[in-house]
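Naming: A, B, ... by sequence-line order, numbering from 1 per chain.
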There are 2 protein chains.
Amino acid sequence: MFSKSCKYAIRAVLYLAIHSDAEHKLGVKDVAEALDVPGPFLAKLLQQLSRHHLISSTKGPNGGFYLSETNARANLRGVVESIDGPEVFSSCILGLPVCSSQNPCPLHSRAQLYRQGLLELVEDQTIKEVAERVERQELKI
Amino acid sequence: MFSKSCKYAIRAVLYLAIHSDAEHKLGVKDVAEALDVPGPFLAKLLQQLSRHHLISSTKGPNGGFYLSETNARANLRGVVESIDGPEVFSSCILGLPVCSSQNPCPLHSRAQLYRQGLLELVEDQTIKEVAERVERQELKI
DNA sequence: CTATAAAAAGATAAAAAACTCTTTTAATCT
DNA sequence: AGATTAAAAGAGTTTTTTATCTTTTTATAG
Ligand code: FES
Ligand code: FES
């Protein structure tokens, strides 16, 4: 479903939500080791998220990546769209050039249900909320 | 979501459901041109589906690919599983090594809704039913 | 102001997915 | 039986995704 990159990105954002804030920034290495993900590759992803203002970062000593309060109040949709592109939520499930009710593919109407589930997955709770649930219920990330 | 291969495969199966039967077989080229898909690549996919008995084929003059009655009474799940692997319906949406309610990831419970939609998409109608709907409603494939 | 720490950027490499070409096998027709 | 047709199988190639390595920029600390 999501690309590997996107999965890494989501997990990294959640990790930052739990373990970082403006006063406690984390280096790529910290996150990569905690999530068991290739470091230099994760660095690229975090840079990309940072460029899109979905996470925050500063350079230099005591620098690193973190989630600002604002970052944490967003949901995960932006993260997914930033890495995998916005089309994941709107493109035809059979790969036809356009997806529309005007000219639908055979799976179009049922694809709505699937998309609904997908959107709820990433939209109906903030990153902060997910992170808090992870802590309360000791979930794996 | 589905790989490109899988999308091609689904479309090809539907095309066969509509345009072929045991008495009217189609060559790879026919299908590839109709769907505007790379021919030799589609050939590989059809061979794979044929090996898994999801479509039928015969060699030689008047040979080709087609859907038997039995093939057409199945749903699309087998096609998807044959090309993309069965894990698409059961693997963790965040890429964790196992997906289970015992040790769930933060998105696990909501992922169920998404999976439900995905399964309905491919399971709740037979290939024949989809094909008939395509003909009745002149849908694109 | 200099040394240092860490992200940003750029350039490369490896692996996987998508796509192509060639040879072999099997069915049909004459 | 021999010629022909079309799938099956095998061996490449190209493109995209994933992963690594190196250099540059910027913020901080001393
Ligand atoms: S047209 Fe295929 S999903 Fe909408
Ligand atoms: S554990 Fe992640 S979806 Fe089930």
Partners meeting side-chain hydrogen bond (donor to acceptor under 3.5 Å, both in side chains) with [X] (sequence neighbours left out):
{"X": "B:E129", "answer": "none"}
{"X": "A:S68", "answer": "A:N71"}
{"X": "B:Q116", "answer": "B:E120"}
{"X": "A:D84", "answer": "A:S3"}

> Using a heavy-atom distance cut-off of less than 4.0 Å, which residues of residues 46-69 of chain B contact DNA chain C?
Replying inline: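 Within this stretch, B:K59, B:G60, B:P61, B:N62 sit under 4.0 Å of the strand.
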>> Please report the distance, rounded to the nearest Å, between CG in B:D30 and P in D:dA7.
In response: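 So the two atoms are 8 Å apart, to the nearest Å.
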>> Please report the distance, rounded to the nearest Å, between CG in A:D36 and P in D:dA19.
In response: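 Rounding to the nearest Å, CG of A:D36 and P of D:dA19 are 11 Å apart.
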>> Any residue in residues 88-97 of chain B with a heavy atom nearer than 4.0 angstrom to DNA chain D? Just list them by number, or reply none.
In response: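 None, since no heavy atom is under 4.0 Å.
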>> Quick check on contacts: within residues 3-29 of chain B, what sits under 4.0 Å from DNA chain D by heavy-atom distance?
In response: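 Output list: B:L26, B:G27, B:V28.
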Ignoring hydrogens and angles, write down the donor-acceptor pairs under 3.5 Å from the side chains of residues 6-13 of chain B, residues two or more places apart or on other chains.
residue: B:R11; atom: NE; partner: B:I141; partner atom: O; Å: 3.1
residue: B:R11; atom: NH2; partner: B:L35; partner atom: O; Å: 2.9
residue: B:R11; atom: NH2; partner: B:I141; partner atom: O; Å: 2.9

>> Please report the end-to-end axis angle for the helix from C:dC1-D:dG30 to C:dT30-D:dA1, five pairs per end, rounded to 10 degrees.
In response: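 Result, rounded to 10 degrees: 10°.
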>> For a quick check of understanding: with a heavy-atom distance under 4.0 Å over all strands, which category does A:P38 fall into, base, sugar-phosphate or nothing?
In response: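 Here A:P38 touches the backbone only, sparing every base.
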> Does any pair with a residue in residues 75-134 of chain B pass ring pair (Phe, Tyr, Trp, His ring centres under 6.0 Å), and if so which ones, sequence neighbours excluded?
Replying inline: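 Every pair satisfying ring pair (Phe, Tyr, Trp, His ring centres under 6.0 Å) with a residue in residues 75-134 of chain B: A:Y114-B:Y114.
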> If you take all heavy atoms of A:I93 and A:R115, which pair is closest and at what distance?
Replying inline: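 A:I93 and A:R115 have their closest heavy atoms at N-NH2, 4.3 Å.
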> Heavy atoms, side chains only, cut-off 4.5 Å: are A:K25 and A:S20 in contact?
Replying inline: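 They are not in side-chain contact.
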> Is any side-chain heavy atom of B:F2 less than 4.5 Å from a side-chain heavy atom of B:V122?
Replying inline: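 Yes, close enough: below the 4.5 Å cut-off.
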>> Does anything in residues 32-50 of chain B form a side chain to side chain donor-acceptor pair (under 3.5 Å)? List the pairs, not counting sequence neighbours.
In response: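 Passing the test, one end in residues 32-50 of chain B: B:S50-B:S57.
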> Quick one: do B:L76 and A:L113 end up in the same hydrophobic cluster if we chain Ile, Leu, Val, Met, Phe, Trp and Tyr together by side-chain heavy atoms under 4.5 Å apart?
Replying inline: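 As far as the 4.5 Å side-chain criterion goes, A:L113 and B:L76 are not connected within one cluster.
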> Do B:V80 and B:L119 share a hydrophobic cluster (ILVMFWY, side-chain heavy atoms under 4.5 Å, transitive)?
Replying inline: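 Both belong to a single hydrophobic cluster.
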>> Counting primed atoms plus P, OP1 and OP2 as sugar-phosphate and everything else as base, spell out the protein contacts along nucleotides 11-16 of chain C at 4.0 Å heavy-atom distance: B, S or - for each nucleotide, 5' to 3'.
In response: ------
